[in-house]
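Worksheet for the structure shown next.
The sequence lines fix the lettering, A, B, ..., with proteins before strands; numbering per chain opens at 1.
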Number of protein chains: 2
Amino acid sequence: MAYRKTPAEIARLDAARERLVSCATEVVADVGWSQASVSAVADAAGIAAGSVYQHFPSKAALAVEVFRRAAGRELEVIGEVLHAPGEPVERLSRAVEVFARRALENRGLAYALLAAPAEPAVGAERLEFRRRYRALWAEAVREGMATGRLPEQNAEISAAALTGAIGEVLVDPLGAPEESAVGDLIAVLTTTALRCVGAPRD
Amino acid sequence: MAYRKTPAEIARLDAARERLVSCATEVVADVGWSQASVSAVADAAGIAAGSVYQHFPSKAALAVEVFRRAAGRELEVIGEVLHAPGEPVERLSRAVEVFARRALENRGLAYALLAAPAEPAVGAERLEFRRRYRALWAEAVREGMATGRLPEQNAEISAAALTGAIGEVLVDPLGAPEESAVGDLIAVLTTTALRCVGAPRD
DNA sequence: GAAAGGAGTGAACCATCATTCAGAACTTCC
DNA sequence: GGAAGTTCTGAATGATGGTTCACTCCTTTC
């Protein structure tokens, strides 16, 4: 046996894979899933098309990885905001704000994650992440009901409504290249979201 | 000139086109846009693949027609409910209910119209119809504000939130083949939708 | 330095469909 | 009936884009 991967070599391969994923993410954010061909992604990463298959068994697998990484980051951030100490309604409000701000700061990626047409494997992943978002929102809504700050309601349905409402309100601005009043939009969206779960009007 | 289309012939061609559109709609409702190939649709209509091009210049044109017909019907129904006489909030509530009931009665089609992956031309049409739904909801919300039954709010944003909330709440049940408590779901969804626009709790 | 084997290349391959087209079948009209 | 024109057919065509593979290049080990 005259060959065994040395640690440095393993690190180099990992780095290459990492670089591929991050370049692919950029391409997707720029041109969308449908235009992100294997060769476009490979070009962006500075490797040959065939080399993609050194790291992933198929284009779909790479796409899923890209989605999971990016969506996972966002979900984690929102989870942290929702699990921070403080009033449930306050945390909910902050989470909506953070979600919207991050989406509007990275529109291409946000659009790709939220709404852009994608192959079935990515679509399935999207459903899964929506489920997780719903679980997070639902938890917060239940806490709000427990502390009496939110009226009795079906937390699961409210969470779904929240997810849909936030997404739909953002989709239009995400398409436009430069929206005028981002701050206003975020404020109105937050108010609207709170109204959806029946938070008392201030 | 030894040939001119006779009225009967014109009627036959129109009927064939009609049949093609309706068969294509069924196929799309059954298997989704991505699986609705030209030959699958032609088979369903009992004609050859090539004959599709007698009626439509491209597959995309046929798909757009299918979408427009089906989505147009729904939009019209909702428009009628929202423009019927009565209290704005009452009409809004009824419209949400009708929308949900119709979607749940025709799940495959509803899913295709609302959420299923589709080619860009259909995606564009979907955006257009969402815009029209938003306009309808926004009008009702404005009327509600005018009569003092709804609190002051940005009607456009609320309408977008409503559209998103309703869609997202329905998407899951639309995927499941047989949901248990359709009536309950519709009732909860209606309540949630009204809460989103700040209707007074009853 | 040289053998052994993995990594990288990119042109060729292949599957999938939308689309076309030459001819068959049918309609109209004299 | 037959000429002229139209609709219909379905196999061939063509475009796209993911995947493979024979080959070159590089790294490891002795």
Any A/R12 side-chain nitrogen or oxygen under 4.0 Å from OP1 or OP2 of C/dG8: yes

Would you say A/T190 and A/R94 are linked by a side-chain donor-acceptor pair, where the criterion is simply a distance under 3.5 Å? no

To the nearest Å, how far apart are A/R19 CZ and C/dG8 P? 13 Å

Does B/S51 put a side-chain nitrogen or oxygen below 4.0 Å from OP1 or OP2 of D/dT9? yes

In whole Å, I'd like the distance from the CD1 atom of A/I10 to the P atom of D/dT27. 15 Å

Mapping B/E9 and A/H55 to their closest nucleotides on DNA chain C, which lands nearer the 5' end? A/H55

May I have the distance from A/L20 (atom CG) to C/dG8 (atom P), rounded to whole angstrom? 11 Å

Of the candidates C/dT19, D/dT9, C/dC17, the side chain of B/V38 sits closest to C/dT19

What integer distance in Å separates B/F56:CZ from C/dT20:P? 16 Å

Check every atom of C/dT28, D/dG18, D/dT9 against the side chain of B/T6 and return the nucleotide holding the closest atom. C/dT28

Atom of B/A63, atom of B/E119 and distance for their closest heavy-atom approach: CB-OE2, 3.4 Å

Are A/R101 and A/E105 close enough for a salt bridge, meaning some N to O gap below 4.0 Å? no

Expressed in angstrom and rounded to an integer, what is the separation of B/L13 atom CG from D/dT7 atom P? 6 Å

If the threshold is 4.0 Å, N to carboxylate O, is there a salt bridge linking A/R91 and A/E87? no

Ring of A/F129, cation from A/R132 - is the NZ or CZ under 6.0 Å from the centre and inside 45° of the axis? yes

Name the residue closer to the 5' end of DNA chain D, choosing between B/Q54 and A/S37 according to the nucleotide with the nearest heavy atom. B/Q54

Spacing of B/Y53 atom OH relative to D/dG10 atom P, expressed in whole Å: 16 Å

For A/R17 and C/dG8, give me the distance from atom CZ to atom C1', rounded to whole Å. 17 Å

What's the closest nucleotide to the B/K59 side chain, out of C/dA18, D/dT7, D/dG10? C/dA18

Report the distance from atom CG of A/L62 to atom C1' of D/dT19, rounded to the nearest whole Å. 14 Å

